[in-house]
There are 2 protein chains.
Amino acid sequence: MTPQPQSPMRKRATILDVASAAGVSRQTVTRAMNDMAGISQETKERVQKLAAELGYVPSRFAKGLVQGARTSVGLAIPDLTNPYFPSFASSVVEAATQRGWNVVMDDYGHGTASAADAAARLSPQVDALIGYLAPHADEVQTLMGRRPVVSLDSPATEGTAGGISFDYSHAARLGLDHLSTSGCRNIVFLDSNRGGPSGGRSAAAAAVAAETGIQLTRIQADPSAAAAREAVTLLAAGGIRPDGMLVFNDLMAAGALKALQEAGLAVPGDCPVIGMDGIPLGELLTPELTTLSLDLRAVGRAAVGLLDGLLSGAIKDRSPEAFLTLRHQLVLRQSA
Amino acid sequence: MTPQPQSPMRKRATILDVASAAGVSRQTVTRAMNDMAGISQETKERVQKLAAELGYVPSRFAKGLVQGARTSVGLAIPDLTNPYFPSFASSVVEAATQRGWNVVMDDYGHGTASAADAAARLSPQVDALIGYLAPHADEVQTLMGRRPVVSLDSPATEGTAGGISFDYSHAARLGLDHLSTSGCRNIVFLDSNRGGPSGGRSAAAAAVAAETGIQLTRIQADPSAAAAREAVTLLAAGGIRPDGMLVFNDLMAAGALKALQEAGLAVPGDCPVIGMDGIPLGELLTPELTTLSLDLRAVGRAAVGLLDGLLSGAIKDRSPEAFLTLRHQLVLRQSA
DNA sequence: GAAGTTGACGTGAACGTTCACGTGCAGAGC
DNA sequence: GCTCTGCACGTGAACGTTCACGTCAACTTC
């Protein structure tokens, strides 16, 4: 409360400064700060007040050293700008908070950084790591040593302690079935051009198409709305008129929607569109986006749950239980 | 590499375990792990390999204790689900990463938590705090003691070390001018019903309206797209037909857009709509959203910049330089 | 009035690093 | 042969807490 400048004093006050100012011992200060028993109300208040005046903040390092780590988990995410990731991050933060963990975040989207860079920064600070790491999941686990890494959407062949993957065959089947039932015969799969997690979706779509005899053309773009929009505009300008579209993710689908409308194709009339992921944004588009939806909060919860098991030893590293597969669900709205 | 189970061993390996395994001293292990001089290549590699095998991870607590904190900053955000906040968070993470800081995140949106709860969790872990804290900014600064807190969008009367606020009068003037110039005479301001930062926007809009003789009706809803949609639907059902709309933020504007269209009002034909914040989502809507845009990356950069000044002492706590005011810019798209 | 109990406080040790030296040894230089 | 230099490595101390005990007086208890 007293605005006491004390500016020249650059060094942090320690517990001993408080103790000597109050004329008591370290331990008594500890008792006062942590509301422990064995101290009179009077002394406790005096010490607390003095501590505040001196700007005393217990060193988290000293505390952690002696008490044995409160766990903090790293969260590595490619791009907070894609609405999918904040939804995911938010559920991770919630689940972690419930367990009393804290979350150190790194967003490696800007610049040319990769998940490995993020992990290198995070590694010295955390006891475990969750993230979208493909195709560097291996490298990240190496960086983390024995500390568990849960990787999302990377092939289980990558050697992380645990992982969550998605059943893209199932998703592709749901999506393509719906489109072909709606009469589409000339479907385009708009894929992301990023090496990483994309492979799964496009491969699954191709496989399902081949199996069911659906004609499927694959085009690619950066996984952003703007790039998707441009790609579809280009496609339409080339005279190609798909009569159905399955898109890598909802954000790209939003861009595709725009481009199709601009090209004079009605959605869903001329060309139904199905997105993937189920981000809240979908409901705000016109037409509202039909999508293969993931329960986003469940994804975060599952990731944290796995980590909990791995940390506690209830789940063994790389054991079958350490890998989960989640399924998409077709949410019908207006666009298909 | 060797999958050596070693599971029963629950305790972490320390530097001494590595040292004795390698037959060298602590200091030599330190030299090997940190690529320091004064060690032979041969020994370095041997130690590193051994360390990896033992799963040795240097304790961040011990390291921090002796080296004096690498700074980590807390980031408290109400709701990652509103696309505004991830954009902001992303720029904070980027700016912090550039300085070699790390970011501990807390999202206090879920449940009934407030910024103060988030700060309580964060406080023992961080050296400084950035966040949307209103109306609990005071309380948060108290929790943080002398450590600097930069609060966004809270009145400068709240006693944080620094802050960033927005010139809502300017924004309201830009928005209302544009609407009234377009011929709107019966404008609705769709406000958030959250106590916090909302006051500023609505008060500024009211003031500008009064000053310029514009007829402005204020309605309120939860700051989400769904709630805004519902509120506007209700409004329209009540027979009230606004001929122009200024909205608390872009997310709510997206909901309003939907509702207006459903109610048979053309946008911008019958009722132009202007949002606030300038989130990327705006471009994906139909019609594309005209908005009072903030340079979101600049906001994060500014916040981290302030914190940097405050931490280094270049800027004094609560001095005039510790408070910045940013301005919105009118970005004309289709909705107005 | 001796023994036990309680409350309020203090002290040594330990947590796992790094820093600032110190040591020993091989070879260079004269 | 002696010092000097450089290299590879080791050792005491310190960082700021908390834990597990101690201590000491005042008060009960019978």
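We name chains A, B, ... by the order of the sequence lines, and we start the count at 1 in each one. Small disclaimer: the values here were computed from a predicted structure and weren't measured.
- Among residues two or more places apart in sequence or in another chain, the side-chain hydrogen bond (donor to acceptor under 3.5 Å, both in side chains) test is passed with A/Thr43 by A/Ser40.
- One N or O on the side chain of A/Arg147 and one on the backbone of A/Val126 form a donor-acceptor pair closer than 3.5 Å.
- The distance between atom NZ of A/Lys63 and atom C1' of C/dG16, rounded to the nearest whole Å, is 18 Å.
- Residue B/Val57 is classed as a sugar-phosphate contact, given heavy-atom separations below 4.0 Å to backbone atoms only.
- Taking five base pairs at each end of the helix from C/dG1-D/dC30 to C/dC30-D/dG1 and finding the rotation axis that steps the C1' atoms of four pairs onto the next four gives two axes whose angle is 40°, to the nearest 10°.
- In this structure, B/Ser312 contributes its side chain and B/Asp308 its backbone to a donor-acceptor pair below 3.5 Å.
- In this structure, the CD atom of A/Gln67 is 17 Å from the P atom of D/dG16, given to the nearest Å.
- Taking the six-membered ring for Trp and the full ring otherwise, B/Tyr132 and B/Tyr84 have centroids separated by under 6.0 Å.
- Side chain of B/Asp79 to main chain of B/Thr81: a donor-acceptor pair is present (N/O by atom type, distance under 3.5 Å, no hydrogens or angles).
- Partners of A/Phe323 according to the ring-ring contact (aromatic ring centres under 6.0 Å, His included) rule, which considers only residues two or more places apart in sequence or in another chain, do not exist here.
- Nucleotide D/dT17 holds its P atom 8 Å from the CG atom of A/Leu16, rounded to whole Å.
- Closest contact between the side chain of B/Val66 and the listed nucleotides C/dT18, D/dT17, D/dC19 involves C/dT18.
- Of all the residues in residues 23-35 of chain A, A/Gly23, A/Val24, A/Ser25, A/Arg26, A/Gln27, A/Thr28, A/Arg31 reach under 4.0 Å from DNA chain C with at least one non-hydrogen atom.
- Ion pairing of A/Asp35 with A/Lys44 is present here, as a side-chain N (NZ or NE/NH1/NH2) and a carboxylate O approach within less than 4.0 Å.
- Atom-to-atom, CD1 of A/Ile15 to C1' of D/dC15 comes out at 14 Å; the value is rounded to the nearest Å.
- A salt bridge links B/Arg297 with B/Glu94: at least one charged nitrogen is closer than 4.0 Å to a carboxylate oxygen.
- Counting to the nearest Å, the P atom of C/dT18 and the CZ atom of B/Phe61 are 15 Å from each other.
- Using a 4.0 Å cutoff on non-hydrogen atoms, no part of residues 37-47 of chain B comes near DNA chain C.
- The backbone N or O of B/Gly145 lies less than 3.5 Å from a partner atom in the side chain of B/Gln141, making a donor-acceptor pair.
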Quick one: side chains of residues 60-69 of chain A, donor-acceptor pairs under 3.5 Å with protein atoms, not counting sequence neighbours, listed by atom name and distance.
residue, atom, partner, partner atom, Å
A/Arg60, NE, B/Gln125, O, 3.3
A/Arg60, NH1, B/Asp127, OD1, 2.9
A/Arg60, NH2, B/Ser72, OG, 3.4
A/Arg60, NH2, B/Asp127, OD2, 3.1

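- Here D/dT18 presents its P atom at 15 Å from CZ of A/Arg60, a figure rounded to the nearest Å.
- When atom types are taken as modelled, the side chain of A/Arg12 and the backbone of A/Gly55 share no donor-acceptor pair closer than 3.5 angstrom.
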